[in-house]
Amino acid sequence: MKKLFAVLLAAMMLLAMVACGNDTPDPTPTPDPTPDTKTLYMATEGTFPPYEYYDGDKLVGIDVDVANAIAEKLGMKLEVVDIAFDSIVSGVQAGKYDMGMAGMTVNEERLEKVNFSDSYATGIQVVIVKEGGKVKSLDDMAADGVVIGTQSGTTGFLFASEDFGDEKVKGFAKTTDAVEALKNGQVDCVMLDNEPAKALVAANPDAGLSILDTAYANEDYAIAINKQNTDLLNQINAALAELKADGTLQGIIDKYIK
């Protein structure tokens, strides 16, 4: 027992000497140089070429490329979610998505629910008609019996409803559905943005479709952001300014619109 006590006492004295002779503090853990990248969630509707559309099973287009460029500027990873167009603003408002991009214009109704970034592109509202149909000019849209097709929740839908009355407007979930209705005689014309209109007419070469020469309206596209997230709004505006200044933004637009 005495031997055991002596051994323990010697060990304790040795530990005390080592502790007294070492003044170096414990090393501070080095932060992970590559922490998990934050994700920027973007809501869109994937049938609006060239702004967003599917190439196989992948969403591509102007809005997707611009959003990716913004995410890169912010040091974030982009995640694109394809939902119904008229659910985008409410989804951003509810905080389900960080931002909404879908060739979306700023109007008073949307401004009540979300903030918008600076404009990143300009759109033109046009009207697709069918050969031999009732509509041959913008004036014909007001005639009795004319039914105007649009995508629900879009500015085309709002323009048509405000200018011609709800009873003359038929809303569809997708622009492709509206064009099919025009081909089948369910509507007499379709109002939508110029670039998607050109793509849809080109995709139906035997349907006798064309775009009226006179544009219906001009508008600017912007990014919808939750009203509470002013930091993100400022960061996105700063990123857009840089992308405009260095030519990246125009390069993306030129890639899709010749």
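When reading the values below, keep in mind they use all heavy atoms of this one structure, side chains included, and skip hydrogens, waters and symmetry mates.
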Here the gap from Ser161 atom OG to Asp166 atom CG, rounded to the nearest 0.5 Å, amounts to 4.5 Å
Just checking Gln235: does its CD atom have more than 12 heavy atoms from other residues, nucleotides or ligands closer to it than 6.0 angstrom? yes
Item to complete: Return yes if some donor-acceptor pair links the side-chain N/O of Arg110 with the main-chain N/O of Val89 below 3.5 Å, else return no.
Response: no
Notebook entry, point to check: Should Val146 and Val187 be regarded as members of a common hydrophobic cluster, given that ILVMFWY residues are connected when their side-chain heavy atoms come within less than 4.5 Å of each other, either directly or indirectly?
Noted result: no
One should read off an interatomic distance between Ile225 CD1 and Leu232 CG, to the nearest 0.5 angstrom, of 5.0 Å
Side chain to side chain donor-acceptor pair (under 3.5 Å) between Thr122 and Glu219: does it pass, once the steps are laid out? CA-CA 6 Å; Thr122 300; Glu219 53 194 0; over 6 Å; no
Ser137 vs Asp139, test: side chain to side chain donor-acceptor pair (under 3.5 Å). Steps then yes/no.
CA-CA 5 Å; Ser137 70; Asp139 291 339; 4.7 Å; no
ask   = For Gln151 and Thr175, what are the C-alpha separation, side-chain angles and deciding distance, and is it a side chain to side chain donor-acceptor pair (under 3.5 Å)?
value = CA-CA 5 Å; Gln151 184 180 23; Thr175 53; 5.0 Å; no
Looking only at heavy atoms, the pair that brings Val92 and Gly100 closest together is CG2-N, 3.6 Å
Nearest heavy-atom contact between Cys189 and Leu182 is N-CD1, 3.7 Å
_Hphob cluster co-occupancy, Met191 + Val135, side-chain heavy atoms under 4.5 angstrom_ = yes
The reported gap from CE in Met104 to OG1 in Thr154 (rounded to nearest 0.5 angstrom) is 10.0 Å
Side-chain contact, heavy-atom cut-off 4.5 Å: Val169 with Thr150? yes
Separation between OH (Tyr97) and OG (Ser90), nearest 0.5 Å, reads 8.0 Å
Rounded to the nearest 0.5 angstrom, the NZ-CD1 distance for Lys73 and Ile236 is 14.0 Å
*asked:* Same cluster or not: Leu240 versus Ile252, using hydrophobic residues (I, L, V, M, F, W, Y) connected whenever any side-chain heavy atoms lie under 4.5 Å apart?
replied: yes
Taking atom NZ as the centre, does Lys174 end up with more than 12 heavy-atom neighbours from other residues, nucleotides or ligands that are less than 6.0 angstrom away?
no
Linking I/L/V/M/F/W/Y whenever their side-chain heavy atoms sit closer than 4.5 Å, directly or via other members, would Phe85 and Leu59 fall into one cluster?
no
* Asked: How about Val129 and Asp188: do any of their side-chain heavy atoms sit closer than 4.5 Å?
  -> no
Any side-chain heavy atom of Leu158 sitting closer than 4.5 Å to one from Asn107?
-> yes
The complete set of ring pair (Phe, Tyr, Trp, His ring centres under 6.0 Å) pairs with one or both residues in residues 43-73, sequence neighbours excluded, reads Phe48-Tyr51, Tyr51-Tyr221
Q. Any luck finding a side-chain donor-acceptor pair between Gln250 and Asp254 under 3.5 Å?
A. yes
Got a donor-acceptor contact below 3.5 angstrom from the Thr44 side chain to the Met101 backbone?
yes
Closest non-hydrogen atoms of Phe157 and Gly171, given as atom of the first, atom of the second and distance, are CE1-CA, 3.9 Å
Can you tell me if Lys136 has over 12 outside heavy atoms packed within less than 6.0 Å of its NZ? yes
Closest heavy-atom pair, Ala178 versus Val190, reported as atoms and distance to 0.1 Å, is O-CG2, 3.5 Å
- Message: Using the rule given for side chain to side chain contact (heavy atoms under 4.5 Å, CB included), can you reason through Val147 versus Lys168, listing the C-alpha separation, both sets of side-chain angles and the distance that settles it, and then say yes or no?
- Response: CA-CA 5 Å; Val147 180; Lys168 288 177 66 67; over 6 Å; no
Atom CD of Gln186: over 12 foreign heavy atoms under 6.0 Å:
yes
Heavy-atom nearest pair, Ala67 first then Leu78, reads CB-CD2, 3.6 Å
Practice item. Please lay out, stage by stage, how Val126 and Leu212 fare under the test side chain to side chain contact (heavy atoms under 4.5 Å, CB included). Key: CA-CA 7 Å; Val126 297; Leu212 292 180; over 6 Å; no
Hey, are the side chains of Glu79 and Tyr41 touching, using non-hydrogen atoms and a 4.5 Å cut-off?
yes
Closest non-hydrogen contact found for Pro50 with Tyr256 is CB-CB, 3.8 Å
Side chains of Ile253 and Glu195 in contact at under 4.5 Å (non-hydrogen atoms) | no
Is Asn226 reaching over with its side chain to a backbone N or O of Gln93, donor-acceptor style, under 3.5 angstrom?
yes
Distance col, row Ile223:CD1 vs Ile70:CD1, nearest 0.5 angstrom, shows 3.5 Å
Quiz item: Can you check whether Val201 reaches Ile128 side chain to side chain, under 4.5 Å on heavy atoms?
Solution: yes
* Heavy-atom side-chain proximity of Asn194 to Gln125 below 4.5 angstrom -> no
The salt bridge (Lys or Arg N to Asp or Glu O under 4.0 Å) partners of Lys255 (sequence neighbours excluded) come to Asp65
### Query
Do Lys113 and Lys227 have side-chain heavy atoms sitting under 4.5 Å apart?
no
Could you check whether atom CG of Asp213 has more than 12 heavy atoms from other residues, nucleotides or ligands sitting under 6.0 Å from it?
no
*asked:* Strictly distance-based, threshold 3.5 Å: is any side-chain N or O of Asn237 a donor or acceptor partner for the main-chain N or O of Ser117?
replied: no
Looking at Asp63 and Glu52, would you say the former's side chain and the latter's main chain have a donor-acceptor pair under 3.5 Å? no
- Query: Are more than 12 heavy atoms from other residues, nucleotides or ligands located less than 6.0 Å from atom CD of Glu108?
  - Reply: no
Test of understanding: clusters of I, L, V, M, F, W, Y form through side-chain heavy atoms closer than 4.5 Å, transitively. Do Phe116 and Leu74 belong to the same one? no
Could you give me the CA-CA distance, side-chain angles and deciding distance for Ile83 and Glu45, then say whether side chain to side chain contact (heavy atoms under 4.5 Å, CB included) is met?
CA-CA 5 Å; Ile83 62 174; Glu45 194 278 310; 6.0 Å; no
Would Leu200 and Leu192 count as a side chain to side chain contact (heavy atoms under 4.5 Å, CB included) if you check the C-alpha gap in whole Å, the side-chain angles of each, and the deciding distance to 0.1 Å? CA-CA 10 Å; Leu200 289 167; Leu192 73 167; 3.7 Å; yes
